[in-house]
Amino acid sequence: MKQRQGLIALAFLAPALVCLAVLRIVPAISAVVESFYTESLLRGGRVFAGLGNYTDLLSNKDFRQSIGVTLLFTVLVNPIQVAVSFLLAVLFTQRAAGAKLWRTLVILPIATPPAVSAVIWSVIYRPDGLANGVLERLGLPAQPFLTSPSQVLPSLIVLLSWIGVGYWMLFLIAGIQEVPEEVREAALLDGAGPWRRMVSVVLPLVRRPLAFVLVADTVSNLLVFAPVQILTKGGPNGNSNLLMYDVYSRAYAIGDIHVAQAEVVILVALTLAIVAGQFRLLRGDQ
């Protein structure tokens with residue numbers, strides 16, 4: 001009987017397992033294998049290069065700049081998105097007039113594909129666009145935004161936060177709503193103000209959803225591609241050349257697929273290292 005139940009369960013899982021193998025596991029293995037080869041015009045095909053692609057990448061100034069830009073972007077965007085998502089989640093779980101309406105407005109960008117959002121913000125960031133129009137109304141000079149080496153990364157952070165904050169907020173709202181009402185009432189009776197209740201009561205009780213949001217947001221931001229490809233092409237001067245776009249450039253613009261595969265392996269290793277560090281820190285705080 002148990003064997004039959006196991007076979008039935010396996011039959012239901014089979015389509016998902018096949019998709020996982022074909023779409024995830026096989027491409028991952030292929031990327032690792034291909035990263036150790038290179039194309040040779042003299043030998044008329046691919047030849048084993050060992051760690052040659054990796055050493056070429058690590059000695060490449062543009063690649064090292066791309067890693068630096070990606071790490072800086074990650075360090076800046078993750079705390080901003082997580083903090084804003086948490087504050088909005090706390091705000092929109094209060095019993096206040098219009099809370100549901102504002103929550104809906106914040107969530108709306110989720111329904112917009114990243115490529116469409118990038119096009120919308122390309123109009124906003126134009127020299128005669130909405131952003132400079134607001135600055136002009138405030139008596140401030142116009143800004144170059146996406147064409148400025150110092151402003152391009154903050155401009156992308158604003159765009160990606162507009163896309164992502166509402167999504168992560170949903171997970172935190174679900175976590176906050178699980179906080180027992182009697183715990184909040186007890187804190188209120190003890191004279192704790194709104195800020196104290198948020199920091200000392202709500203925050204410790206939503207550690208699990210907050211940890212999930214932090215890790216998932218980190219992975220998501222390390223894989224950003226569409227806004228960079230549409231808006232900046234990695235410029236100006238490589239100041240928005242995130243690793244995912246650099247992989248695309250090497251694979252399809254330069255045509256060096258084997259070096260691009262090596263870069264994918266490095267990106268995955270970097271992502272795993274950052275996520276492992278986050279898990280270690282979160283486990284140490286418990």
Side-chain angles (χ1 to χ4, degrees), residues 16-17 19-35 51 53-54 57-58 63-89 110 114 153 156-157 159-176 178 203-229 240-248 250-251 260-286:
L17 293 175
C19 289
L20 178 64
V22 173
L23 300 177
R24 297 292 183 182
I25 298 175
V26 172
I29 295 173
S30 174
V32 174
V33 172
E34 290 295 325
S35 69
L51 297 176
N53 292 329
Y54 293 94
L57 275 175
L58 295 175
F63 174 71
R64 294 199 303 270
Q65 181 189 21
S66 180
I67 288 183
V69 169
T70 302
L71 291 176
L72 176 62
F73 172 76
T74 304
V75 168
L76 293 175
V77 72
N78 289 346
I80 292 173
Q81 290 188 353
V82 174
V84 173
S85 299
F86 178 72
L87 292 174
L88 288 176
I110 300 174
L153 216 54
L156 288 175
I157 288 173
L159 157 61
L160 292 165
S161 298
W162 181 77
I163 296 172
V165 160
Y167 180 71
W168 304 122
M169 181 190 72
L170 290 177
F171 294 97
L172 297 177
I173 285 177
I176 292 173
E178 292 297 318
L203 187 58
L205 293 176
V206 294
R207 287 176 60 87
R208 288 184 181 276
L210 200 57
F212 166 77
V213 166
L214 175 61
V215 172
D217 188 39
T218 299
V219 175
S220 174
N221 287 320
L222 283 169
L223 302 180
V224 167
F225 169 73
V228 177
Q229 198 272 335
S240 66
N241 188 29
L242 302 179
L243 274 175
M244 272 302 296
Y245 181 75
D246 199 56
V247 170
Y248 165 82
R250 292 183 190 279
Q261 298 281 35
E263 191 168 0
V264 168
V265 174
I266 292 174
L267 175 58
V268 172
L270 179 64
T271 303
L272 291 175
I274 293 174
V275 170
Q278 289 176 335
F279 273 122
R280 187 177 181 84
L281 291 173
L282 291 169
R283 191 182 301 116
D285 290 340
Q286 289 180 354

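Atom set for the values below is all heavy atoms of this structure, side chains included, hydrogens, waters and symmetry mates excluded.
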Gap separating the [atom1] atom of [X] from the [atom2] atom of [Y], nearest 0.5 angstrom:
X: S35; Y: L51; atom1: OG; atom2: CG; answer: 8.5 Å
X: L72; Y: I157; atom1: CG; atom2: CD1; answer: 7.0 Å
X: I29; Y: R24; atom1: CD1; atom2: CZ; answer: 14.0 Å
X: L242; Y: L153; atom1: CG; atom2: CG; answer: 6.5 Å
X: L205; Y: R207; atom1: CG; atom2: CZ; answer: 10.5 Å
X: W168; Y: I110; atom1: CH2; atom2: CD1; answer: 10.0 Å

Which residues share a side chain to side chain donor-acceptor pair (under 3.5 Å) with [X], sequence neighbours left out:
X: Y248; result: none
X: S85; result: none
X: S240; result: T232
X: T218; result: N78, Q278

Residues that L267 engages under side-chain contact (heavy atoms from CB on, under 4.5 Å), provided they are two or more places apart: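 Counting only residues at least two positions away or on another chain, L267 forms a side-chain contact (heavy atoms from CB on, under 4.5 Å) with L223, L243, M244, T271.
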
Looking at residues at least two apart in the chain, or sitting in another chain, which of them share a salt bridge (charged side-chain N to carboxylate O under 4.0 Å, His left out) with D246?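 Per chain and number, D246 pairs via salt bridge (charged side-chain N to carboxylate O under 4.0 Å, His left out) with R250.
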
Which heavy-atom pair separates [X] from [Y] by the least distance, and what is that distance?
X: V224; Y: V228; result: CG1-CG2, 4.3 Å
X: T74; Y: P79; result: O-CD, 4.0 Å
X: A260; Y: V247; result: CB-O, 3.8 Å
X: A226; Y: P114; result: CB-CB, 4.4 Å

Looking only at atom types and distance, does a side-chain atom of [X] sit under 3.5 Å from a main-chain N or O of [Y], one as donor and one as acceptor?
X: R64; Y: L58; value: yes
X: N221; Y: D217; value: yes
X: S66; Y: N241; value: yes

Report yes if some heavy atom in the side chain of [X] is under 4.5 Å from a heavy atom in the side chain of [Y]; otherwise report no.
X: V206; Y: F86; value: yes
X: L203; Y: L210; value: yes
X: L160; Y: F73; value: yes
X: L71; Y: I274; value: yes

Please check if atom CZ in F225 has more than 12 non-hydrogen atoms from other residues, nucleotides or ligands closer than 6.0 Å.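 Buried by this count: over 12 neighbours within 6.0 Å.
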
